[in-house]
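Working notes for the structure below.
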Amino acid sequence: MAKKKLFWTKRIARTLITAIGVSLVAFLILHLTPGDPARIILGPYATEAAYDRIRERYRLDEPIPVQYIYWISGVVRGDLGTSIRYNRPVAELIRDRIGPTMILMGSALIVSISLGVFLGILAAIKRNTPLDYFATFQAVFWLSIPPFWLGILFLYIFGLQLRWVPIGGMVGFTSLIFPALTIGLRDEAWFARPMRAEMLEVLNQDYIKAAKAKGLKYSHVVVKHALRNALIPMITMIALRLPWVIGGSVVVEVVFSWGGLGSLLVNSVLARDYPVVQAILLLLAILVVLANLGADLLYSVIDPRIRLEG
Amino acid sequence: MSKILTIKDLKLSFDTEEGTVEALDGVDLEVEEGHFHGLIGETGCGKTITGMTIIGLLDSNARIDRGEVNFRGRNLLKLTEKQFQRDIRGKEVAMVFQDPASSLDPVFNIRDQMIEAVRLSRKDSWESYEKTVKELLKQVNLPDIDTLLDKYPHQLSGGMRQRVMIAMMLGRDPSMLIADEPTTALDVSVQAQFLKVLVDLKKTTNLTVLYITHNLAVLTEICEEVSVMYAGRVVETASIRDVFHKPSHPYTYKLVHSILKADSLLDVLEEIPGAVPRLINPPSGCRFHPRCDEAVSECSKTIPPLKEIGTNHSVACLRR
């Protein structure tokens, strides 16, 4: 028990250290990029006095380490600063935008995990049949198409030509379908191959033969014994894939005019709106770190060999 | 005396990238109901494949060329996968595998895996299933059954896992159990404990066991009859007594004497010159003739049939 406690203490400490590192990177990456936010906000004809006012207000004159200390101490207190572009608290902007992003990423994950796992199982139990080849083909197909182009293609066919869905924006469920598919299909392709390989490996194990020898139906053997065992390594696969889901959603939000964090992020980068970009980068990075922690926790739930150790 | 299992002229091959492997080449085997029947031979001689054929768990690249596997008068080779699953596996024929470390599902506890088997045969309450499971585990001499039920396979020793396997496979009260080298992966001291479980079962039930092994000494403890396999054929079947006292086939003779004479395990390994032939291009005629002292030119041309030379004693050799 003590050993297990120590493991989790270490694991959580590591998560915190990662979070601090991530905040540093999120901060530096922006400040080391050329471009002066004050100039961008004010435009080319601003007076020097106005320029100095803006620089002072957002503490842009301070040395970078001092700026970081100001920022991070604010973050710890829950103050993410004020947007230079919108002149509103960053926390407020994020609060308005986080919902749509979570809905989009959640839908994309549901699409990718359910389809990926399903096609992986199907390809494994029907291996070397046309069905298996089809699963490979579609995976390579989705992986070969850049998401922004696929998004535009969907919009053109289903929005512009067939008029089944709105052309961008967030108007009800129909406008969610294609953004979610654009991200989800690509990740589905990413999950289906390893799922097939895991299933094939598990189906060759003695405990599968033993389960059949008991007289269980093949479908029962596959769904209960093989799937549960094959899913264990998939948890890591899925957690490791999350950054791509986030990255994909940033691009796709812009293509589909989805009013989430992704489009806010892109616009803020273009405007050198430091506080907003820093906050969103930090938030997404923490999301990834937490997902990895979650994967470790989930592991111990699904795999008794980990659960009971120590 | 009735035969529960009769295998006639079973020929089976595997299509591989290297060519067709003639794994079984006319296997004849009869197993008496309620008896423990040993099936012995070197690695790769087709013992396990014979067992897998009976329970219908052959790999998909296996091809049955001819023959019959009659189980209680029903030719198992004619069954569909569905019929096998519904009528035979677990219910009539069960199987215990060589490696207890890998034959239990690592992510379910013992209770789950045992009840899963028990409830296939009858619809009842969970309390009743659990009661049956406890009785089964007691039958195989497992201690601390109440705590055992909540344990996962990795928390048990190899010997315990193998006994759980037996108990699980007996859960549906099958008529026949195929034990495929169940003690090979166990320590010698644990082997004895495991064999005692089988001996107890023999006394208290009418279970038929096909005991597959490469260790003749194990068979003397538990079996009535022994069939000796060599390179995909049964070369001799006899009572355990006759195998030791009147081994007839030259291969059986060497097998028995390798054990009786041996001072150490090393001697056993050196006893029979040559190795089991590769079955992609097996020797013609009697497959043992290249390693046989008594071989004559006829042996490389004619496949010797299994013929009776005494009561319950048959041998496949042209020189007998």
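Reminder, nothing fancy here: chain letters follow the sequence lines and each chain counts from 1.
- The main-chain N or O of B:R89 is never found under 3.5 Å from a side-chain atom of A:K212 such that the two would form a donor-acceptor pair.
- Between A:R305 and B:V107 the shortest heavy-atom distance is NH2-CG1, 4.3 Å.
- Highest contact tally toward chain B, considering only A:Q205, A:H220, A:K224, is held by A:K224 [criterion: heavy-atom pairs under 4.5 Å].
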Please tabulate, for the side chains in residues 118-129 of chain A, all donor-acceptor contacts under 3.5 angstrom to protein atoms that are two or more places apart in sequence or on a different chain.
from: A:T129; atom 1: OG1; to: A:K126; atom 2: O; distance (Å): 2.5
from: A:T129; atom 1: OG1; to: A:L131; atom 2: N; distance (Å): 3.4

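- Proximity to chain B among residues 178-186 of chain A is not found for any residue, judged by heavy-atom separations below 4.5 angstrom.
- Only the backbone of B:L104 comes within less than 4.5 Å of a heavy atom in chain A; its side chain stays farther off.
- With hydrogens and angles left out, the side-chain atoms of A:H225 and B:E116 include a donor and acceptor closer than 3.5 Å.
- Side-chain contact between B:M52 and A:K209 is present, with at least one heavy-atom pair separated by less than 4.5 Å.
- Distance CG/A:N229 to CZ/B:F108: 7.5 Å, rounded to 0.5 Å.
- Of all the heavy atoms in B:P106 and A:P304, the pair that sits closest is O-CG, 3.2 Å.
- To the nearest 0.5 Å, atom NZ of residue A:K217 and atom NZ of residue B:K82 are 5.0 Å apart.
- Considering only heavy atoms from C-beta on, B:Q113 stays 4.5 Å or farther from A:Y207 through its side chain.
- At a heavy-atom cut-off of under 4.5 Å, chain A is reached by no residue from residues 121-137 of chain B.
- Neither the backbone nor the side chain of A:I208 comes within less than 4.5 Å of any heavy atom of chain B.
- Closest of all the heavy-atom pairs between B:S102 and A:D206 is OG-OD2, 3.0 Å.
- Within the 4.5 angstrom heavy-atom criterion, no atom of B:V96 approaches chain A.
- Inspection of non-hydrogen atoms places B:M165, B:M168, B:M169, B:R172 of residues 162-181 of chain B under 4.5 Å from chain A.
- Shown here is B:Q83, whose CD atom has more than 12 heavy atoms of other residues, nucleotides or ligands within 6.0 Å.
- Between B:A117 and A:K214 the shortest heavy-atom distance is CB-CD, 3.4 Å.
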